[in-house]
Amino acid sequence: MSTASEPWVGSSRSLSAAKRHKSIRKNSRRIYSAYQDQQGSSDDEDKEDERVDSNDPEEMFQNIQYQKEIIANIRTRPWPMRRKLKVLKQAREIVLKYEGRLTRTRGYQTAGADLLKKLSRVLYNIVVLFIPWEVRIKKIESHFGSGVASYFIFLRWLFGINIVLTIMTGAFIVLPELLAGAPFGTTRSKTIPKEHLASAQDLDTIWSLGGYLQYSVLFYGYYGRVRKIGSAGYRLPLAYFLVGMAVFAYSFIILLRKMAKNSRLSLASASDENFTFCWRVFCAWDYLIGNPEAAESKGAAIVNNIREAIVEEQEKKKDTSLAVLISLRILANILVLLSLAGSIYIIYFVVDRSQKLEQEKPELTLWEKNEVSVVVSLITMIAPSAFELVAQLEMYHPRTSLRFQLARVLVLYLGNLYSLIIALLDKVNSMSSAVPVSTGNWSDSSSFLATISQPEVNSFSTLVSKISVTEHHNSTIATIATVLEVTNSSSSSSSRSSSATVSNQTALFEKNTRSQQDQCWETYVGQEMLKLSIIDMIFTVASILLIDFIRGLVVRYLSDCCCWDLESKFQDYRLQAAADKSWISGKRTSPARRPPFPSISRRSGGVHELSEGRRSLSIEAAGFAAKLRRGGRGHTTAHVIVQRARAQEKAAALFFGSRHYTMEGGEILELYRRSIKALHPHDAITTNRILTAPTHHSNI
Amino acid sequence: MGNKQTIFTDEQLDAYQDCTFFTRKEILRLHGRYHELAPHLVPMDYTNDPDCKLPLALIVNMPELKENPFRNRIVESFSEDGMGNLSFNEFVDMFSVLSEMAPRELKAIYAFKIYDFNVDNYLCKEDLEKTLNKLTKEELTPEEVELVCEKTIEEADLDGDNKLSYADFENMISRAPDFLSTFHIRI
């Protein structure tokens, strides 16, 4: 044993001074290949120092720099402490001894560089203080793991982007208008018509964004049509156009940058290298665990993990008949296409119907007014789960099926949005064509841009519509180019930049009695979109509060009563829905009889992260295994385990006693990264907090 | 900085700060932990570099290490004599490498040492078997163990010698997404 530990203890070779000078660069490169590194100090290093040519300042300087580099890097060397201390001491002595002899300028130069480094470090520490929610996120990280924390980091990043966009819009459009524009009540687009004044403050009106909200800076109808406003001649229409473009360009560029940065840092080239078994053996154990129960459950999880891998390996050898597979896949694709078509049609139909309703009835019920938004939200919540179910038919490798899922959900969103817009446009068209032509108040035929940016809950979409108003009185031709960036923003806490700016030149009618014709159709579209955002947010919050929370409680407390395996069934369901979130914190009870835990002190490693990463969920299997053990070797075949594993490869969380263990949907994250946003898959806690793509909760 | 502590000289503390990833405070705290493992053995005054080593049995009973299946190997890898007797230097070194600030490469080196049970600089089949058995607390059947070890070597072995050298191991572990977060002890 002692001979084996030789390489790391004493050293056989020692650095000669001459070598030192020449090999400065080589050594700095070799810092990390130190496993085979036989270099180090020995006792005769002192003598060799004397051989340094002390007459050559350049060499001295280089030497000192080299020693400083050694000092800076010594902590990354895999040497035993004793050697490190010795080397450090000698390096320090050399630096001290020779530094005095250097010329002033060199000394100052390096002193300056050192000072700069110190300053930047201090500055960085100060800046970190201002990052919002930093402490909270660190806390979350220490409890639930870096996967969960990355979700919140992503949200924070989105929030930052939204703030920037809001500032851009606000500063260039809203502010000038507030400062220099005609005050409220002067021009036609800025007054609330008399008949509405009475109801302008009703909750109902406010909910549908009418009344004061409608005739405010939020909607484009407010903005005048003069080319310049104020005494300085601020070109407001131009500003609209440019801000719209800028918003789009900014978000695009920032996304690209993030993706590039992350893909550079992304380590795993998922498809090619497959170290499944290796990772399951070497990276499985979480060294932070300090609690016996946690250790036991982790051990069980690992066992099951490995067993799954074995079974999968064995299953790879046999294959299902090709014909059946293909026919199933075709069937699945047909179903998906049908549902996509269905959703598009439904949306169109609903918008159509709302228009008819508006024409028929003067007063609409709450449902009818919000029907469109509710339907869209429901579809976006339910459809991806349906897709997931269908995908089970296909029996792809989880990674591939994830990609398919992503693609399908993307198409779904795009389809929905397009359909919504087209339906709205049709509606607007028919609205405007129904108006009697009045004496040309169709001012100029300039084109304006309507930008609706809403980083809403489920999609961060920037609509750029270009409307060209023709001289034709009866029709408004509008072409809309919709650009969508579907980011995976989810959670109810996404912020919204509340600017829905719409431009209109055409809808200044003189006589009309109906409210719709009094407003700009762009304002109307803006209102619809905003309502959609709001309702979507409400749905998300409601679903989290009601569905997740209550179900968690039910599963936790009632699974004892119910003989039926609530956990596994809900696990599936949980993961279906939860797979849509990259972060899943489904709640599952442990095998029920465990007593709740006292909180573990941090000191003893209370941070329990079970980052199973992208492997299947072993926690669930752990619960399983524990059940098996409890129930006296009950009867589960390996096949079942694998099926579950397949179905639940995304992520799961185990609610174990009073603690959460969270698994990261590393797989999902990674793919998401590639497809839409780049993320840092790396679990390094301190560096790059790039955010996973936690998506809207109903799609991935 | 005007601290009144008398455990270490300032130079010693600076040296520790340079050689590990810990700050002054953390080093002092670590000394407290080391001391409380064996209050009668560990002197409070380290200014003269006392030669005091704690045996393996005391160290592996620390709450941070108690549940770790590899605790013996961990402590042995960081001890100079290879038997698991840690002086304070090695104690600090161990936790420094396992802290979250240590770079991946450094951790990989020590991980390799830990999993190398027979200390021959290779992860051979026996090493893997032992690793697996410790990891799973012997719950796997021998056939399963056999299969897993074979697959592991098959996956990671690049030079075809049926055992994993450090290069193989490093190549494999550098691509593991969760290595850094699992190979981490917080103290």
Side-chain angles (χ1 to χ4, degrees), chain A residues 1-2 4-5 9 32 34-35 71 74-76 78 80-82 84-85 88-89 145-146 267-269 273-279 281-292 294-295 299 302-303 306-307 310 313 602-605 607 609 611-614 666 681-686, chain B residues 15 18-21 63-64 66-70 80-83 87 89-90 92-93 96 98 100-106 109-112 115 119-121 128 131-132 135-137 139-140 144 147-148 151-152 155-156 166 172-187:
Chain A
M1 276 274 244
S2 51
S5 45
V9 180
Y32 290 128
Y35 189 73
I71 295 179
I74 195 135
R75 48 167 76 110
T76 59
M81 197 65 165
R82 193 198 290 258
K84 280 199 269 194
L85 287 171
L88 182 71
K89 194 163 119 185
S146 53
L267 288 174
S269 59
E273 322 243 347
N274 218 0
F275 291 116
T276 348
F277 277 96
C278 289
W279 289 342
V281 172
F282 291 118
C283 306
W285 183 261
D286 189 353
Y287 282 54
L288 278 168
I289 292 181
N291 174 281
I302 292 178
V303 168
I306 294 185
R307 289 212 168 113
I310 294 180
E313 182 70 23
R602 296 244 166 159
R603 206 175 59 86
S604 62
V607 172
E609 314 173 354
S611 46
E612 296 297 295
R614 25 213 323 247
H682 207 307
D683 281 338
I685 303 170
T686 45
Chain B
D18 280 333
C19 290
T20 67
F21 294 96
E64 287 85 352
K66 198 158 44 111
E67 297 298 327
N68 198 317
F70 302 112
E80 251 184 86
D81 57 6
M83 302 295 292
S87 68
N89 287 345
E90 292 147 3
V92 166
D93 198 24
S96 159
L98 288 167
E100 70 174 346
M101 294 149 301
R104 175 182 279 264
E105 296 78 5
L106 188 62
I109 292 173
Y110 278 101
F112 187 75
Y115 295 130
V119 205
D120 61 348
N121 275 359
L128 290 178
T131 306
L132 203 52
L135 192 60
T136 60
K137 301 191 183 36
E139 288 236 3
L140 292 177
E144 289 171 333
L147 180 64
V148 172
K151 284 294 295 176
T152 308
E155 281 174 356
Y166 176 67
M172 178 266 293
I173 216 88
S174 65
R175 300 185 205 280
D178 35 9
F179 173 62
L180 270 186
S181 57
T182 54
F183 199 72
H184 163 35
I185 292 185
R186 184 167 292 156
I187 184 165

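None of the values given here were measured: they were computed from a predicted structure. Every chain is numbered from 1, with letters handed out A, B, ... down the list of sequences.
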Novice: May I ask you to test the A:Ile310-B:Lys151 pair for a side-chain heavy-atom distance under 4.5 Å?
Specialist: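 Answer no - side chains too far apart.
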
Novice: With a 4.5 angstrom heavy-atom cut-off, which part of A:Leu88 approaches chain B: side chain, backbone, both or neither?
Specialist: side chain

Novice: In Å and rounded to the nearest 0.5 Å, what is the CZ to CG distance from A:Phe282 to B:Leu135?
Specialist: 10.0 Å

Novice: Shortest non-hydrogen contact from B:Glu67 to A:Ala295?
Specialist: OE1-CB, 3.5 Å

Novice: Using the six-membered ring wherever Trp is involved, compare the ring planes of B:Phe70 and A:Tyr287 and label them parallel, tilted or perpendicular (cut-offs 30° and 60°).
Specialist: parallel

Novice: Between B:Phe21 and chain A, which part of the residue has a heavy atom less than 4.5 Å away: side chain, backbone, both or neither?
Specialist: both

Novice: Report which part of B:Thr131 has an atom under 4.5 Å of a heavy atom belonging to chain A: side chain, backbone, both, or neither.
Specialist: side chain

Novice: Just wondering, do A:Phe277 and B:Leu147 contact through their side chains at under 4.5 Å, heavy atoms?
Specialist: no

Novice: Does any heavy atom of chain A fall under 4.5 Å from the side chain of B:Phe183, the backbone, both, or neither of them?
Specialist: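 For B:Phe183, the contact with chain A is made by backbone and side chain together.
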
Novice: Return the minimal non-hydrogen interatomic distance between A:Leu85 and B:Ala15, and the atom names on each side.
Specialist: CD2-CB, 3.8 Å

Novice: Are any of the side-chain heavy atoms of A:Thr276 and B:Glu155 separated by less than 4.5 Å?
Specialist: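 Counting from C-beta outward, A:Thr276 and B:Glu155 do come under 4.5 Å.
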
Novice: Please round to the nearest 0.5 Å and tell me the distance separating atom OG of B:Ser87 and atom CZ of A:Arg82.
Specialist: 7.0 Å

Novice: Please round to the nearest 0.5 Å and tell me the distance separating atom OG1 of B:Thr20 and atom NZ of A:Lys84.
Specialist: 7.5 Å

Novice: Taking everything shown except B:Lys137 itself, do over 12 heavy atoms lie less than 6.0 Å from its NZ?
Specialist: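 Result for NZ/B:Lys137: enclosed.
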
Novice: CD1 of A:Ile71 to CG of B:Asp18: how many Å apart, nearest 0.5 Å?
Specialist: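 Result: 6.5 Å between the selected atoms.
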
Novice: Is it the backbone or the side chain of B:Ala102 that comes under 4.5 Å from a heavy atom of chain A, or both, or neither?
Specialist: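 Looking at B:Ala102, nothing touches chain A.
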
Novice: Any non-hydrogen side-chain atom of B:Leu140 less than 4.5 Å from a side-chain atom of A:Arg307?
Specialist: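 In contact.
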
Novice: Mark yes or no for whether A:Trp279, through its side chain, and B:Arg175, through its backbone, hold a donor-acceptor pair below 3.5 Å.
Specialist: no

Novice: Does any part of the side chain of A:Cys283, heavy atoms only, come nearer than 4.5 Å to the side chain of B:Ile173, both counted from C-beta?
Specialist: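 The answer is yes, as the side chains (C-beta and beyond) meet within the 4.5 Å cut-off.
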
